[in-house]
Amino acid sequence: MTNVEILYHKIITILILSALYTAGIGLFFYVKLLGTEEILLIKQSSRFVIVPLSMAIGFVISLVIGIAELVLFEKWTKYSFLKFVLYKYSLIVATIILGEICLFVLLENRSVPIEKVFNDLPNFIKSDTFIAIFIYLLVFSIALNMWEAATEYLEPAAILDSLVGRYKQPQEEDLTFIFIDLKSSTRLAEKLGHKAYSQLVDECFALLTNCLYQHKANLYQFVGDEAVLFWQRDFASKTAAPIHLYFDFCRAIESKKEEFMEKYGEIPHFRAAIHEGTVTATVIKSMKKCIVYHGDVLNTCARIMGLCSQYNVDILVSANIKNWTSTHKKYEITLADKVILRGREQETEVYTVRQLAK
């Protein structure tokens, strides 16, 4: 996924959240405020425009917060946690207060001279109406931020699956998994130190996330310097998305090699294993709920990953993957070996994959 595509994705997310914010403030005025004494004192002509005007102001407030999300909040993550929260929510609070003041001025100025409007402004700020709107918008802003944060950790489909109880009972699914692991991770951690090593892994996984969006992968988990992604098996076999994702990820790392060398004195390299089959999806209920997949597929994929070092190759795939990858002329598939994996009695064929020059 290019930077333009990432920006487009963020803008779409902000517009969706803005629409929710706008609808929320309109509903609030319609249900809660149209019957309050202060609103009823406004002339009928002004009362008629309260809801649409409040929605317009709400949309502007949400856009300002959304633009700040794009331009400022990302930069502020370099600050300490407390400073980041202070700066972020100070800006949100100031935007909400300014929006409320604008709404009051626009409504009152329809029937009252502007001088009197500003004279009445202190009384409005002290009023129950101002406080009610402020608390509602602040809580609603926090709720939308929580939803946005949740979708970054769990994609929207996973959240919806959890809400509707899809995995209340174990479900069998046909999935294709790819394990992606950093080579020479122990040596790199010792050389760079834990902090720089974590930054290196974080930058690599940021590049991987771009590829994840591009190839419609689902994130199962990050474990240290290893990522596990999956697709529905039918989609993976038709598109060869796991193979494409791995080589696109390698190209993304290669495109940043000068930056990696300058910052870390190393260019990271990743290896991968791909396997597919039927797994059982269920929800584990402990301190928090999480969706987990059980089955031989994951164990086999992990064992195949371990063979990459033994055969000194970057990627190994199972025979099932070889069958549909070989139909794509961009890749050359070669049998690496027939092995008996730990915990299995029958031989497993594993294949190397090489991307052909364009």
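Just so it is clear, the structure is predicted and the values come from calculations on it, not from any experiment. Throughout, residue positions are numbered sequentially from 1 according to the sequence presented.
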| Quick one: side chain to side chain contact (heavy atoms under 4.5 Å, CB included) partners of Lys257, sequence neighbours excluded? | Glu254, Ile267
| field | Salt bridge present between Asp234 and Lys238 (N-O < 4.0 angstrom) | value | no
| Heavy atoms, side chains only, cut-off 4.5 Å: are Val353 and Tyr246 in contact? | no
| field | side chain to side chain contact (heavy atoms under 4.5 Å, CB included) between Leu335 and Lys322, intermediate numbers included | value | CA-CA 9 Å; Leu335 178 66; Lys322 170 256 181 185; over 6 Å; no
| field | Spacing of CD belonging to Gln214 relative to OG1 belonging to Thr209, to within rounding of 0.5 Å | value | 12.5 Å
| Which residues satisfy the side chain to side chain contact (heavy atoms under 4.5 Å, CB included) test with Lys263, sequence neighbours excluded? | Glu203
| Spatial distance of atom CD1 (Ile101) from atom CZ (Phe118) [nearest 0.5 Å] | 9.0 Å
| Does Gln310 reach the side chain of Leu307, with side-chain heavy atoms less than 4.5 Å apart? | yes
| message | Tell me the closest heavy-atom pair linking Leu316 and Tyr311, and the distance in Å. | response | CD1-CD1, 4.4 Å
| note | residues 190-201 vs side-chain hydrogen bond (donor to acceptor under 3.5 Å, both in side chains), sequence neighbours excluded, gives Lys191-Glu266, Tyr197-Asp225
| remark: Under a side-chain separation threshold of 4.5 Å, the hydrophobic residues clustered together with Leu98 are none
Distance-only donor-acceptor pairs under 3.5 Å for side chains of residues 296-305, two or more places apart:
residue, atom, partner, partner atom, Å
Asp296, OD2, Thr300, OG1, 3.1
Thr300, OG1, Asp296, O, 2.9
Thr300, OG1, Arg344, NH1, 3.4
Arg303, NE, Arg342, O, 3.3

| request: Please tell me if the side chains of Arg354 and Leu356 come closer than 4.5 Å, counting only heavy atoms from C-beta onward. | output: yes
| By ring pair (Phe, Tyr, Trp, His ring centres under 6.0 Å), which residues pair with Tyr89, not counting sequence neighbours? | none
| Under the 3.5 angstrom rule, does the side chain of Ser90 hit a backbone N or O of Tyr87 as a donor-acceptor pair? | no
| message | Can you list everything that forms a side chain to side chain contact (heavy atoms under 4.5 Å, CB included) with Asp174? Sequence neighbours excluded, please. | response | Arg233, Thr278
| query | What residues form a salt bridge (charged side-chain N to carboxylate O under 4.0 Å, His left out) with Lys216, not counting sequence neighbours? | reply | none
| Where Pro242 and Ile274 come nearest, the two heavy atoms and their spacing | CB-CD1, 3.8 Å
| Partner set under ring pair (Phe, Tyr, Trp, His ring centres under 6.0 Å) for Tyr351, not counting sequence neighbours | none
| field | Heavy-atom side-chain contact between Gln232 and Leu175 under 4.5 Å | value | yes
| Under the ring pair (Phe, Tyr, Trp, His ring centres under 6.0 Å) test, which residues partner Tyr220, sequence neighbours left out? | Tyr293
| query | What's the spacing between Leu121 CG and Lys116 NZ if we round to 0.5 Å? | reply | 12.0 Å
| Can you check whether Ile253 reaches Pro268 side chain to side chain, under 4.5 Å on heavy atoms? | yes
| Of all residues at least two apart in sequence or in a different chain, which pass the ring pair (Phe, Tyr, Trp, His ring centres under 6.0 Å) check with Tyr264? | none
| message | Please tell me whether Tyr331 and His244 have a donor and an acceptor in their side chains that are separated by less than 3.5 angstrom. | response | yes
| field | Spacing of Asp181 atom CG and Asp314 atom CG [to the nearest 0.5 Å] | value | 11.5 Å
| Quick one: does Ile321's side chain get under 4.5 Å of Ser318's, heavy atoms only? | yes
| task | May I have the step-by-step check of side chain to side chain contact (heavy atoms under 4.5 Å, CB included) for Thr176 and Phe235, ending in yes or no? | result | CA-CA 9 Å; Thr176 300; Phe235 177 83; over 6 Å; no
| message | Return the CZ to CD1 distance between Phe249 and Ile180, rounded to the nearest 0.5 Å. | response | 6.0 Å
| query | For the side chain of Trp324 and the backbone of Ala236, is there at least one donor-acceptor N/O pair under 3.5 Å apart? | reply | no
| What heavy-atom pair brings Ala227 and Leu208 nearest, and what distance separates the two atoms? | CB-CD2, 3.6 Å
| task | Give the minimum heavy-atom separation between Leu182 and Leu188, together with the two atoms involved. | result | CD2-CD1, 3.9 Å
| When rounded to the nearest 0.5 angstrom, what is the spacing between CH2 in Trp231 and CD in Glu276? | 12.0 Å
| remark: Sorted by chain and number, sequence neighbours left out, side chain to side chain contact (heavy atoms under 4.5 Å, CB included) with Val64 holds for Val60, Thr95
| Should Ile315 and Thr352 be marked as a side chain to side chain contact (heavy atoms under 4.5 Å, CB included) after you check the CA-CA gap, both sets of side-chain angles, and the distance that decides it? | CA-CA 6 Å; Ile315 180 170; Thr352 61; 5.9 Å; no
| note | Taking every heavy atom of Leu245 against every heavy atom of Cys211, the minimum-distance pair comes out as CD1-O, 3.7 Å
